[in-house]
Undergrad: 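Here's a structure for you.
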Amino acid sequence: MAENQEIRSKIHVENMNFFYGSVQALFDINIELPEKKVTAFIGPSGCGKSTFLRTLNRMNDIIDGTRLEGKVLIDGGDIYGPITDVVELRRKVGMIFQKSNPFPKSIFDNIAYGPRLHGVKDKGKLMEIVESCLVKSALWDEVKDRLDKSAMSLSGGQQQRLCIARALAINPDIVLMDEPASALDPKSTLKIEDLIGELRKDYTIIIVTHNMQQAGRVSDNTAFFYEGRLIEYGATEQIFTKPNEKQTEDYITGRFG
Amino acid sequence: MTGKRRSEKFAFWLMRSITYVVVIFIAYIIFKILINGLPVISWNFLFSEPEKSGAEGGILPAILGTLYLVIGTILVALPLGMFSAIYLTEYAKQSKFTQTIRMAIVTLAGVPSIVFGLFGLGLFVITLDFGASIIAGSLTLACMILPTIIVASEESLKAVPKYMREGSLALGATKWETIYKNVLPYALPGMMTGSILGIGRAAGETAPILLTAAAFFLPELPSSVFDQVMALPYHLYILATQHPEAQKILPMQYGTALVLLLLVVGLNLFAVIIRIRVRRKYKW
């Protein structure tokens, strides 16, 4: 499956099944996600791609009655193992949500939220983190004069980049993005995509998207999900030009989904 | 005009009229109390003790007694209600058990206040041996308004969007950190206003304190929480119905009613002001 053998595997998923109560949402998922690459999850609505994404930082834990079978390893450690600290896991695996969700606080306080949780109190150090994260998320120039203004005063695209900056502030290895641009206009979408291109140097990025052009533009590898199953996984170029599976081809060419 | 439009017009007219009727009733009550009560209000009325069984003098002990009871009720009911609401909305899983708790809370809200009074008499006054006292009355009132506080608090906790919790959890916050830093600050104003409305109701209730705290006349102001108190609603009840010269002391009754009304309206106004101020501060 993974063709670049010299690339280190970051996430290893083995025989994973996932249930909401008695409803099975994911069936026997096996996948290796490489380090410092962008992997796109595509598929029609309800195919389980977001559910799968949320198993990687255990966000599904907060929903009553969910259950996971099988193994999810990050850097070789089982994140569903008995000694796993979910809080530690989520520090390592950041997440960007579909709907940008800035807190109704100042821009500064939004980004400082994570570092403060993890014990950074020094004002100078916080300022350093805020600035570097805003620079990384390409928002610094737009907001450097109004860090004390409410994050709600930003535009939709800026809000989403703020959320990216906020996720980076806890210094994760992996960044999960759940349709990060689906609520944005084309121009803001392009900015987010450029940003993903920059971030791939330092982070392992997994992005769920229903926009296939976007998957084509930003990702190294693409995984196609359908009805809770991983149908096909490979280099993005191969998936988009000569998919091995009929279902993948049908979806890519727009015959359904 | 078609029949449909005519019936619609009639329906609107009917609803508007009914609304006016409600407003007229309230306006009449307030007007009547104001007209008859205002002339009685004076420094002497507010700040001196009653004389001749309340026929003359002031109502200071009753005002103070009601304030003590209200403060006691707040101290007991606010933390209990808020923490119950936090538990129910944030921690408890949906189960038969929590459904039962919710049912119990709703049922509690519908229990007549005299039943709370009897309950307080049995538990706090007699079994726990507090006697008729501020503490027994406050505890009884607290039981009565707990459902109001819990329901109001639950509603305002639920009004904080889910993404605020998810966003915080995803940044590696624990559940309590998330609640404490990213949910409570936004829910607190709603919790406070709901609670103050409940407390306003407690201030005006007679039945629960009738058997647990209130005395018609006390020679001295209370010196501890185990002392009996006078209270405005009870004072008014006695003046209006039990007093040998009830007809002759009408002005005193109106004066007491006005003070009680102002106290409750004041509490409600306070709640409204908090809500407006905080709504301006946090928008999402």
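Letters go in sequence order (proteins before strands), and every chain restarts at 1.
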Undergrad: Side-chain polar contacts of residues 188-203 of chain B - donor-acceptor pairs under 3.5 angstrom, sequence neighbours left out - could you list them?
TA:
| unit_1 | atom_1 | unit_2 | atom_2 | d |
| --- | --- | --- | --- | --- |
| B:T193 | OG1 | B:P189 | O | 3.2 |
| B:T193 | OG1 | B:G190 | O | 3.0 |
| B:S195 | OG | B:M191 | O | 2.5 |

Undergrad: Which answer fits A:L117, side chain, backbone, both or neither, if we ask what part of it has an atom under 4.5 Å from a heavy atom of chain B?
TA: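 Both parts, heavy atoms under 4.5 Å.
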
Undergrad: Please indicate whether A:K71 has more than 12 foreign heavy atoms, meaning atoms of other residues, nucleotides or ligands, lying under 6.0 Å from its NZ.
TA: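 No - once you tally the heavy atoms of other residues, nucleotides and ligands closer than 6.0 Å, there are 12 at most.
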
Undergrad: Chain B heavy atoms under 4.5 Å from A:K92: which part of the residue, side chain, backbone, both or neither?
TA: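 Contact with chain B: none, neither part.
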
Undergrad: First locate atom CD of A:Q98, then atom OH of B:Y163, and finally report the distance between them rounded to the nearest 0.5 Å.
TA: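 Rounded to the nearest 0.5 Å, the CD-OH separation comes out at 14.0 Å.
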
Undergrad: Please state whether the side chain, the backbone, both or neither of A:P102 comes within less than 4.5 Å of a heavy atom of chain B.
TA: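 The answer is the backbone of A:P102.
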
Undergrad: Counting only non-hydrogen atoms closer than 4.5 Å, can you tell me which residues of residues 171-182 of chain B sit against chain A?
TA: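 Within residues 171-182 of chain B, the residues under 4.5 Å from chain A are B:L171, B:G172, B:A173, B:T174, B:E177, B:T178, B:K181, B:N182.
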
Undergrad: Is atom CZ of B:F270 surrounded by more than 12 heavy atoms (other residues, nucleotides or ligands) closer than 6.0 Å?
TA: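 12 or below, so no.
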
Undergrad: Please give me the minimum heavy-atom distance between B:E166 and A:M59, naming the atom from each residue.
TA: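 It is O-CE, 3.3 Å.
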
Undergrad: Which atom pairs, one a donor and one an acceptor, fall under 3.5 Å between side chains of residues 13-21 of chain B and the rest of the protein, sequence neighbours left out?
TA:
| unit_1 | atom_1 | unit_2 | atom_2 | d |
| --- | --- | --- | --- | --- |
| B:S17 | OG | B:W13 | O | 2.7 |
| B:T19 | OG1 | B:M15 | O | 2.7 |

Undergrad: Under a 4.5 Å heavy-atom cutoff, which of A:V87, A:V86, A:N57 has the most pairs with chain B?
TA: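 Counting heavy-atom pairs under 4.5 Å, the top option is A:V87.
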
Undergrad: Taking side chain to side chain contact (heavy atoms under 4.5 Å, CB included) as the criterion, tell me which of A:R58, A:M95, A:R90 meets it with B:L169.
TA: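 Only one of A:R58, A:M95, A:R90 forms a side chain to side chain contact (heavy atoms under 4.5 Å, CB included) with B:L169, namely A:R90.
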
Undergrad: List the atom of B:M164, the atom of A:F103, and the distance in Å for their closest heavy-atom pair.
TA: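 B:M164 and A:F103 have their closest heavy atoms at O-CE2, 3.8 Å.
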
Undergrad: Of all heavy-atom pairs between A:Y113 and B:S168, which one has the smallest distance, and what is that distance?
TA: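 Distance-wise, the nearest heavy atoms are OH-OG, 2.6 Å.
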
Undergrad: Do any of residues 77-96 of chain B come closer than 4.5 Å to chain A, heavy atom to heavy atom, and if so which ones, in number order?
TA: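 Hits under 4.5 Å: B:K93, B:Q94.
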
